[in-house]
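Structure first, commentary second.
Each chain gets a letter, A, B and so on, in the order the sequences are listed, and its residues count up from 1.
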Amino acid sequence: MSEISVLLPDGSSRALPAGSSIADLAASIGSRLAKAAVAGTVNGAEVDLTVPLFDGATVSIITADSDAGRHVLRHSTAHVLAQAVVQLFDGAHFTIGPAIEDGFYYDFALPNNKTFSDDDLAAIEKRMREIMKANQPFTRSEVSVKEALAVFATQPYKCEIIERVTSGAADGSDVAEVGSSDSVSLYRNSDSFVDLCRGPHVPSTSRLGHFSLMKVAGAYWRGNEKGPMLQRIYGTAWESDTALKEHLHRLEEATKRDHRRLANELDLLSFPTELGGGLAVWHPKGAIVRKLMEDYSRQRHQDGDYQFVYTPHLANANLFAKSGHLDFYADGMYPPMEMDNGTYYMKPMNCPMHCLIFDSRQRSYRELPLRLFELGNVYRYERAGTLHGLLRIRGFTQDDSHIYCTEEQMADEISSLLDFIMSVLRRFGFNDFEFNLSTRNPEKSVGSDEIWEKATEALREALDRHGVEYKIKEGDAAFYGPKIDIDVRDAIGRKWQLSTIQCDFNLPERFELEYIGSDGARHRPIMLHRALFGSIERFFGVLIEHYAGAFPSWLSPEQVRVLPVALAHDEYAQSVVKQLKKAGFRVDIDHADEQLGKRIRNAKTSKVPYVLVVGDDDIAHQSVGVNPRGGEVERDVSVADFITRLAAEVAEGQLGDIDVS
RNA sequence: GCCGGGUUAGCUCAGUGGUAGAGCAACGCACUUGUAAUGCGUAGGUCGUGGGUUCAAUCCCCACACCCGGCUCCA
């Protein structure tokens with residue numbers, strides 16, 4: 001019997017009978033591996049477990065509990081979803097169904113523009129489980145384009161995909177479905193169901209099952225809002241029931257820290273219907289946190305040689321015509337107000353006004369870099385369906401700065417900005433940063449090749465100088481210049497885009513900004529836009545979710561709550577409150593008209609960092625019982641001691657306990 | 001803006017073609033309590049807004065506002 005030898009990822013080689021597959025290889029290594037294997041790679045390409053191996057191949061086994069393995073499970077589950085829908089809904093057209101983070105989706109078009117209901121979802125899930133129980137093998141085949149078009153004669157979307165791929169017009173999503181060669185690969189898992197797919201897939205439907213259909217939503221075909229609206233079914237799928245349960249549990253935890261829910265529960269702010277969509281009012285407790293955020297921001301900007309400016313909320317339309325924003329973004333601005341002396345708009349950004357300040361007198365190179373800073377209120381008419389609590393809002397406040405500098409100063413300025421940004425974000429408990437460099441989109445940009453090259457290089461240099469890793473987002477820049485975006489990860493690992501540094505070659509041009517150089521000649525400055533929080537509102541929303549509402553003591557609206565054990569201790573409690581207030585803390589008293597346990601509970605659910613309980617012993621010793629959020633009770637702490645400790649914690653910006661449960 | 005689902009007491013939510021209920025919160029009384037829910041009682045709602053169908057609408061239909069989940073968009 002002839003043998004072949006294959007190379008494994010650890011560098012070892014393994015002999016197998018000729019004709020062996022990856023499944024055979026896995027079985028020869030161990031039964032657990034065989035059970036966990038869902039696909040493999042041969043010379044780097046992902047393939048099905050059943051593919052026969054050849055002598056000298058480099059082979060790896062993809063197991064269900066790896067990222068690649070889960071991807072295969074999810075994609076295969078998506079196929080079964082399509083199969084179930086096609087079986088249950090006569091005349092349904094199926095389109096594409098990729099694996100995504102944590103799961104998969106599949107897009108369908110139902111006859112007569114029908115839509116799926118929750119009951120439908122339950123029925124579909126039931127059918128999927130039947131298909132999985134039936135243990136149908138996924139069988140791959142390659143057919144010609146002509147044959148494929150015949151197979152999918154009743155599926156117009158599939159035909160469109162096939163035609164796009166073969167005509168070379170395909171994009172990434174098409175290729176994932178089909179592959180990109182002259183032939184088309186199909187996966188058939190019963191006589192009644194076949195789908196276009198590049199694969200790989202699990203060997204049979206019985207390998208699936210730890211999944212759940214999550215929700216149904218509308219989605220445009222090809223993401224084109226002028227195209228047809230399809231019905232998208234989202235699901236999640238995992239390698240085990242345990243993993244599935246953990247995922248569902250994570251979703252529940254994320255719901256608990258939803259900033260809209262917590263903002264309401266903690267009485268921070270609200271979105272009154274009477275105000276209109278996307279507009280918030282800040283209640284006293286939210287306003288305290290906001291003020292602390294703003295105070296901190298102002299202090300840091302003052303230390304960083306920024307100059308503070310103020311500009312109005314309204315401007316004559318001429319200003320936005322000059323800046324070019326009216327041409328590009330009129331739809332996203334609140335409608336114009338016609339006045340006696342012209343047309344006015346709410347400002348959707350502060351930059352044009354800062355340019356006016358720069359241009360208000362002649363500028364010297366000696367003034368550069370000139371850093372103008374404003375907590376600027378702007379209004380953008382975000383489309384109704386896009387509003388999302390504080391994260392997408394119509395009236396908001398940017399911690400906005402525009403820095404005017406020379407080309408030579410650009411790299412240093414950007415580099416120190418990166419330090420500045422990270423230092424500020426760390427104060428708010430963010431330590432995990434990701435950087436993205438967005439480069440020019442040649443189809444949609446202003447400015448010379450030379451200046452784009454220079455600016456992109458300056459951004460790149462600043463990133464390199466910090467030794468941080470970054471992703472390039474090709475063509476993702478604004479039309480006026482390249483940018484760096486900074487994402488942070490929160491306490492439960494979710495990613496948020498917060499800060500941005502953008503180069504702008506457009507506004508200095510349009511406003512004809514100039515400074516006098518050391519050579520006595522006029523030069524055009526480079527303009528940098530940058531925001532650290534992005535918007536105060538959005539940042540606050542992210543902070544609420546990051547801390548799950550349990551703000552660190554320096555930010556907490558109520559830092560201490562004092563509870564007298566009984567009425568007799570009220571006077572002493574008041575004196576403790578007085579001392580704490582004198583020390584500058586935000587403190588409340590909760591009188592003894594309810595049981596102590598109840599009042600402790602109330603304080604805990606309000607997420608107050610420190611509960612102080614005072615009774616007879618404390619009056620005798622001038623002490624307090626300290627019950628810290630997320631910590632152990634400590635009795636007989638002297639008031640002076642507690643003040644010293646809390647003062648140190650607040651001053652050092654100790655970030656308290658981040659609830660990562 | 002598009003596709004779905006919603007809007008009932010301060011909050012979280014039940015419910016019905018014959019004008020409504022729970023828990024928590026509020027208020028009152030009793031209890032005076034040493035570390036996460038004391039007991040009893042009281043009050044509180046034009047059932048999002050405006051039309052329509054009906055003898056009768058919180059419930060069915062239409063429009064609008066706002067919210068939620070997605071899509072698209074995000075200077």
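The one candidate from A:Phe211, A:Tyr105, A:Phe104 that meets the ring pair (Phe, Tyr, Trp, His ring centres under 6.0 Å) condition with A:Tyr234 is A:Tyr105. Just one of A:Leu279, A:Ile393, A:Val281 meets the side-chain contact (heavy atoms from CB on, under 4.5 Å) condition when paired with A:Phe271; it is A:Ile393.
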Legend entry - Verdict with supporting geometry, A:Trp221 and A:Glu160, side-chain contact (heavy atoms from CB on, under 4.5 Å): CA-CA 11 Å; A:Trp221 170 235; A:Glu160 185 179 327; 3.3 Å; yes
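Summary of the strand contacts: A:Val624 and A:Arg383 both lie near RNA chain B, and taking for each the nucleotide with the nearest heavy atom, the more 5' one is attributed to A:Arg383.
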Inset, instruction - Let me have RNA chain B in dot-bracket notation, would you? Count Watson-Crick plus G-U wobble pairs, both distances under 3.5 Å, and use [ ] for pairs crossing earlier ones and | for inter-strand partners. - result: (((((((..((((....[..)))).(((((.......))))).....(((((..]....))))))))))))....
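With salt bridges taken as basic N to acidic carboxylate O contacts below 4.0 Å, one links A:Lys256 and A:Glu253. We find that A:Lys347 and A:Glu374 are joined by a salt bridge, their nearest charged nitrogen and carboxylate oxygen being less than 4.0 Å apart. A salt bridge is defined here as a Lys NZ or Arg NE, NH1 or NH2 lying under 4.0 Å from an Asp or Glu carboxylate O, and A:Glu413 with A:Arg530 fails to meet this definition.
Under the rule for a side chain to side chain contact (heavy atoms under 4.5 Å, CB included), the partners of A:Ala477 that lie at least two apart in sequence or sit in another chain are A:Ser438, A:Trp452. In this structure A:Met333 satisfies the side chain to side chain contact (heavy atoms under 4.5 Å, CB included) test together with A:Phe320, A:Leu326, A:Tyr345, A:Pro348, sequence neighbours excluded. Scored by the side chain to side chain contact (heavy atoms under 4.5 Å, CB included) test, A:Asn602 finds A:Arg561, A:Glu594, A:Lys598 as partners (sequence neighbours excluded).
The footprint of chain A on RNA chain B, defined by a heavy-atom cutoff below 4.0 Å, extends from B:G1 to B:A75.
Near RNA chain B, meaning a heavy atom under 4.0 Å from it, residues 590-600 of chain A has A:Ala592, A:Gln595, A:Leu596, A:Gly597, A:Lys598, A:Ile600 in order of number.
Of the N and O atoms on the side chains of A:Ser270 and A:His283, at least one donor lies less than 3.5 Å from an acceptor on the other residue.
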